[in-house]
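First up is the structure itself, then whatever we jot down about it.
Below, chain A is the first sequence line, B the second, and so on; all start at residue 1.
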2 protein chains.
Amino acid sequence: MPANHNFSKLARQPAYRAVSEKIRQVILSGELQAGDMLPTELELADQFGVTRSTLREAIRLLEDSGIIGRTDRKRLVVTLPQTATIGRSVSSAMLMHRVTFEELWQVAMGLEPLAGKLACASATADDKQRLAANLQLTATVLDDHKRLLEAEIEFHNLVASATHNYALLQARAPLNDLFYPAWGAVIRALSPGQRILVAHQKVFDAICNNQPKEAERWMEKHMIDFRRGIEMGNLGFHQPVTSAANSDPQN
Amino acid sequence: MPANHNFSKLARQPAYRAVSEKIRQVILSGELQAGDMLPTELELADQFGVTRSTLREAIRLLEDSGIIGRTDRKRLVVTLPQTATIGRSVSSAMLMHRVTFEELWQVAMGLEPLAGKLACASATADDKQRLAANLQLTATVLDDHKRLLEAEIEFHNLVASATHNYALLQARAPLNDLFYPAWGAVIRALSPGQRILVAHQKVFDAICNNQPKEAERWMEKHMIDFRRGIEMGNLGFHQPVTSAANSDPQN
DNA sequence: TATTGACATATTGTAGGACAATGGGTCAAT
DNA sequence: ATTGACCCATTGTCCTACAATATGTCAATA
């Protein structure tokens, strides 16, 4: 009987992965900052001692994370990842895991009231103005299901943005892609426009008057309304959400 | 003066992007499920009518999202994205955005108490047993800074896992990579082992006795302790977190 | 002077071919 | 039941090539 020592399976990584890791590392270390231009593919390939094909594969790995991109269809440039870019990966993962509306709702219950609360302290005049504009818009599209949903999503984005907390923005990104779009069915079924507007108005007032508790409370009410809407409409609160937003422009 | 109509800049996407989108779409639509094998690179390239080089670039885009991978160093396979895989992209983004400890803490205050609360209803016997084992371990490493931190991180992961809410797990992934590791400095500075253990114990008891409010409350206390630790240790509560966890195995 | 056209140049997107390294399979020898 | 020898399919990597596109220059023109 052999001695029972298990060697850990040694994992050599292919060159394209090593290259991508190295670039990522240099960027994260701050040695390269957002906006910095990278050399051409050929020169980069030379520096790493690989072919352009291999280098391009490495680039793709980073491209999806949104930490590098192309300027005007040419040079490679280090970019600050956009919430939406990352969000898409996260949303894909959630779709594959068949995340239910309930699960998303629970997260929303944790983050949206928090966003409302934090926004009170950090919202700028600009933020408030954008919120005001959104409210005005909402009032005019109460019966236009499609545009009402858009306004609804924008409102919650504006509140989250007003916190100026990127970690929070990132954490709630999947709500944009999966939670609110799924709620479109409720809007079509129950036409709760008026009720939405009131909640938004209350949150907005609380933010303007710097009343964190109020903002939190109304956002929470609003979220509970969401849940009730889904349940009343019998729209699958415990079902996996689907990617209604998965419209591909081309082809 | 020319008529003031601005054409929207038309964006044609390169083939490698189109191919990657198409594959992602087929996977997200459920037509291909996790575990399904994809054809070889050559055959895939043929099907799409592109070269293997182009196809490989498309593959890389998906590989980083963790929705496809390699089996045993060979065939392509559709995989269920791991929280850690996606988390790395998210964490990279946060590092580049210079997210502060405070921002992460605010998110933690939203999600961790929530995790505690939800875990009460959904924790299985298995979950509880793992938590119990973690507590025992923690008690034995109170003075070993490194292992205490590991146990600490594991505890919060176990609580989150016990919710069986993938959306929540995903949303709090960056806490694992950035928030808790940064807390290592506090442990070294203040040796708060005993205090950590008590909080964990209280949360655990609450989960076992199905007392959501208690679990939530103690988790919240625990988070506030975190904040106080950082502030007392004068460890940069308002500074951007750094990637202490960014240890690259090779090279 | 400011716009247009013509041309040279650089770089990307894509193709196609080549080959070593590796993993899987078969089959005979032990 | 394990080992060794062999073949084969596929990946990782390299190389070369070329069309499409963007940049830059400079002369021609209104």
- Query: Which pair of heavy atoms, one from B:Ala115 and one from B:Thr163, lies closest together, and at what distance?
  - Reply: O-CG2, 3.3 Å
- Message: Please give me every residue in residues 32-43 of chain B whose heavy atoms get under 4.0 Å of an atom in DNA chain C, ordered by residue number.
- Response: none
- Message: Counting C-beta onward and ignoring hydrogens, is there a side-chain heavy-atom pair between B:Leu28 and A:Met96 closer than 4.5 Å?
- Response: yes
- Message: For D:dG12 and B:Arg70 - does any side-chain N or O of the residue sit under 4.0 Å from the phosphate oxygens OP1/OP2?
- Response: yes
- Message: Using a 4.0 Å cut-off on heavy atoms, which residues in residues 55-64 of chain A reach DNA chain D? List them by number, or say none.
- Response: none
- Expressed in angstrom and rounded to an integer, what is the separation of A:Leu76 atom CG from C:dA10 atom P? 18 Å
- Can you spot which of A:Ser89, A:Pro174, A:Pro240 makes a side chain to side chain contact (heavy atoms under 4.5 Å, CB included) with A:Met94? A:Pro174
- Message: Tell me whether the rings of A:His156 and A:Tyr180 are parallel (<30°), tilted (30 to 60°) or perpendicular (>60°).
- Response: parallel
- Item | N/O donor-acceptor pair under 3.5 Å between B:Asp127 side chain and B:Thr124 backbone | yes
For nucleotides 16-18 of chain C, print each protein N/O atom paired with a nucleotide N/O atom at under 3.5 Å, atom names and distance only.
| residue | atom | partner | partner atom | Å |
| --- | --- | --- | --- | --- |
| C:dG16 | O6 | B:Ser53 | OG | 3.3 |
| C:dA18 | N6 | B:Arg52 | NH2 | 3.4 |

- Item | Pairwise side-chain contact, B:Glu152 with B:Thr138, heavy-atom cut-off 4.5 Å (strictly under) | no
- Within a reach of under 6.0 Å around CD of A:Gln129, are more than 12 heavy atoms found that belong to other residues, nucleotides or ligands? no
- How about A:Phe226 and A:Trp183: are their ring centroids closer than 6.0 Å? yes
- With sequence neighbours left out, write down each residue that passes side chain to side chain contact (heavy atoms under 4.5 Å, CB included) with A:Thr79, or none if nothing qualifies. A:Val77
- Evaluate whether atom CD of A:Gln82 has more than 12 neighbouring non-hydrogen atoms of other residues, nucleotides or ligands under 6.0 angstrom away. no
- Task: Rounding to 10 degrees, work out the angle separating the end axes of the helix from C:dT1-D:dA30 to C:dT30-D:dA1 (five pairs an end).
- Result: 30°
- Message: Rounded to whole Å, how long is the line connecting atom OH of A:Tyr16 with atom P of D:dT13?
- Response: 7 Å
- Partner set under side chain to side chain contact (heavy atoms under 4.5 Å, CB included) for A:Thr140, not counting sequence neighbours: A:Leu137
